[in-house]
Amino acid sequence: MSDAPAMGEFLGADAPSNWGKWGPDDELGCLNYLDAGEVLRGVQHIRSGEVFTLQIQMGRTDGPGDPLWPGREGIQRQNVMDESTWDGEGAPQFPGGLHYADDTALIFLQGSTQYDALGHVWYDGKLWNGYDARTTVEAMDKASVLPIAEKGVVGRGVLIDMARHRGKQWLDKGETFDHDDLEAAAKAQGVTIEPHDILLIRTGWMKYWYQIDSKESFYEGFNEPGLTYSRELVEWFQRMEIPNLVTDTIANEVTYEPDSGIALPLHCALMRNLGVTLTEIAWLDDLADACAADGRWSFLYAAAPLKVVKGTGAPVNPIAIR
Ligand code: UVW
């Protein structure tokens with residue numbers, strides 16, 4: 001058993017919170033900030049019409065396969081109908097002679113680029129907005145991914161390339177940064193992080209994943225780089241009214257907070273307490289290269305995860321248009 005403090009004790013009884021801000025039945029949290037005005041603000045950042053799809057490939061079999069949180073498995077896709085289906089007797093017949101292919105798939109909903117439901121993590125028996133953690137039993141009755149999927153996530157996106165800012169191809173295992181580093185990187189890039197921005201952060205971690213020789217080296221001492229907890233950082237997110245945090249890591253923050261050893265405290269401080277939606281495992285390298293080439297780091301961001309009823313999360317292929 002780790003001697004890290006309990007989450008509630010670590011974050012404090014007076015932790016910044018947005019519970020109740022959008023009413024007792026809210027399941028969208030800070031996505032409520034993304035209204036029609038924010039869509040139009042995002043559209044103003046389209047200049048060249050370049051489109052970037054931000055999902056990683058799903059079910060890749062070469063190299064290390066798909067990057068996954070330890071214990072999860074990648075998509076198991078199985079072909080159940082193909083041209084050979086029509087080789088034997090009893091094959092379906094359609095007027096005109098149509099043939100077709102079908103697949104089934106077994107997937108972890110968090111097993112690719114994905115949106116987490118706001119109820120995906122919790123502590124002390126309560127999820128986002130104070131919903132009882134027992135509402136997660138067998139299916140997510142409250143704060144599932146469905147309300148996020150029904151709404152869609154559209155607004156001004158801004159990319160902070162922390163790896164490039166630090167002169168690295170990718171950040172090291174366990175390397176951290178905070179809101180002051182984000183502001184410093186933004187200033188160096190010549191962009192301002194504005195209230196209600198969808199915040200994309202590149203660490204280079206996906207690039208690192210796709211060039212590793214063996215998964216063992218990636219998972220040995222597993223500790224992703226990323227944002228690290230401080231109360232000031234959480235207050236910054238609350239003050240900036242950031243609706244959505246998107247990163248190219250599996251879990252959006254340094255895996256273990258360096259001082260306490262506590263795992264994923266920002267999931268709790270940002271998602272459970274503030275209602276910030278998390279998007280993980282995004283492919284940001286092509287977008288970052290284009291932004292670096294002409295010095296434009298803001299764009300229209302649009303995404304909608306799959307409408308999985310009572311889902312804890314869902315795969316997504318976000319789009320950035322610049
Ligand atoms: C966990 O919550 C463990 O992981 P993720 O947010 O990456 O799905």
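All residue numbers refer to positions in the sequence shown, counting from 1. Counting starts at 1 for both ligands and their atoms, following the listed order.
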Which of the ligand 1 atoms, numbered from 1, are nearer than 4.0 Å to a heavy atom of V121
2 (O)
Write out the residue and atom name of the closest protein heavy atom to atom 5 (P) of ligand 1, then the distance separating them to 0.1 Å.
E280 OE1, 3.2 Å
Cation-pi geometry met for R156 and Y301 (6.0 Å, 45°):
no
Below 3.5 Å, N or O to N or O, backbone or side chain included: is there any such pair between I250 and ligand 1?
yes
Check each atom of ligand 1 against the heavy atoms of Q110 and keep those under 4.0 Å away; list them by number with element.
8 (O)
4.5 Å side-chain heavy-atom contact, K126 and W19:
yes
For R322 and D294: C-alpha separation, side-chain torsions, deciding distance, then whether salt bridge (charged side-chain N to carboxylate O under 4.0 Å, His left out) applies.
CA-CA 11 Å; R322 56 192 306 278; D294 64 7; 2.5 Å; yes
Numbered atoms of ligand 1 (with element) below 4.0 Å of H120, judged on heavy atoms:
1 (C), 2 (O), 4 (O), 5 (P), 6 (O), 8 (O)
Nearest protein heavy atom with distance in Å, relative to atom 6 (O) of ligand 1
H267 NE2, 2.6 Å
Are E224 and K173 close enough for a salt bridge, meaning some N to O gap below 4.0 Å?
no
For Q114, the atoms of ligand 1 under 4.0 Å from one of its heavy atoms are 8 (O)
Are D26 and K142 ion-paired here, with the side-chain N under 4.0 Å from a carboxylate O?
no
Indicate, with yes or no, if the rings of Y100 and W86 have centres closer together than 6.0 Å.
yes
With a cut-off of 4.0 Å, which atoms of ligand 1 are near a heavy atom of W69?
3 (C)
Does some non-hydrogen atom of M271 fall short of 4.0 Å from ligand 1?
no
So how far is it from L199 CG to I193 CD1, rounded to the nearest 0.5 Å?
5.5 Å
Run the numbers for me: atoms of ligand 1, each under 4.0 Å from some heavy atom of A251, listed by number.
7 (O)
Run the side-chain contact (heavy atoms from CB on, under 4.5 Å) test on N18 and N129 for me, step by step, so that the C-alpha distance in whole Å, both residues' side-chain angles and the decisive distance to 0.1 Å come before the verdict.
CA-CA 7 Å; N18 285 333; N129 220 26; over 6 Å; no
Within the 4.0 Å heavy-atom cut-off, what D116 brings close to ligand 1 is side chain
Closest protein heavy atom (residue, atom, distance) for atom 4 (O) of ligand 1
R72 NH2, 3.4 Å
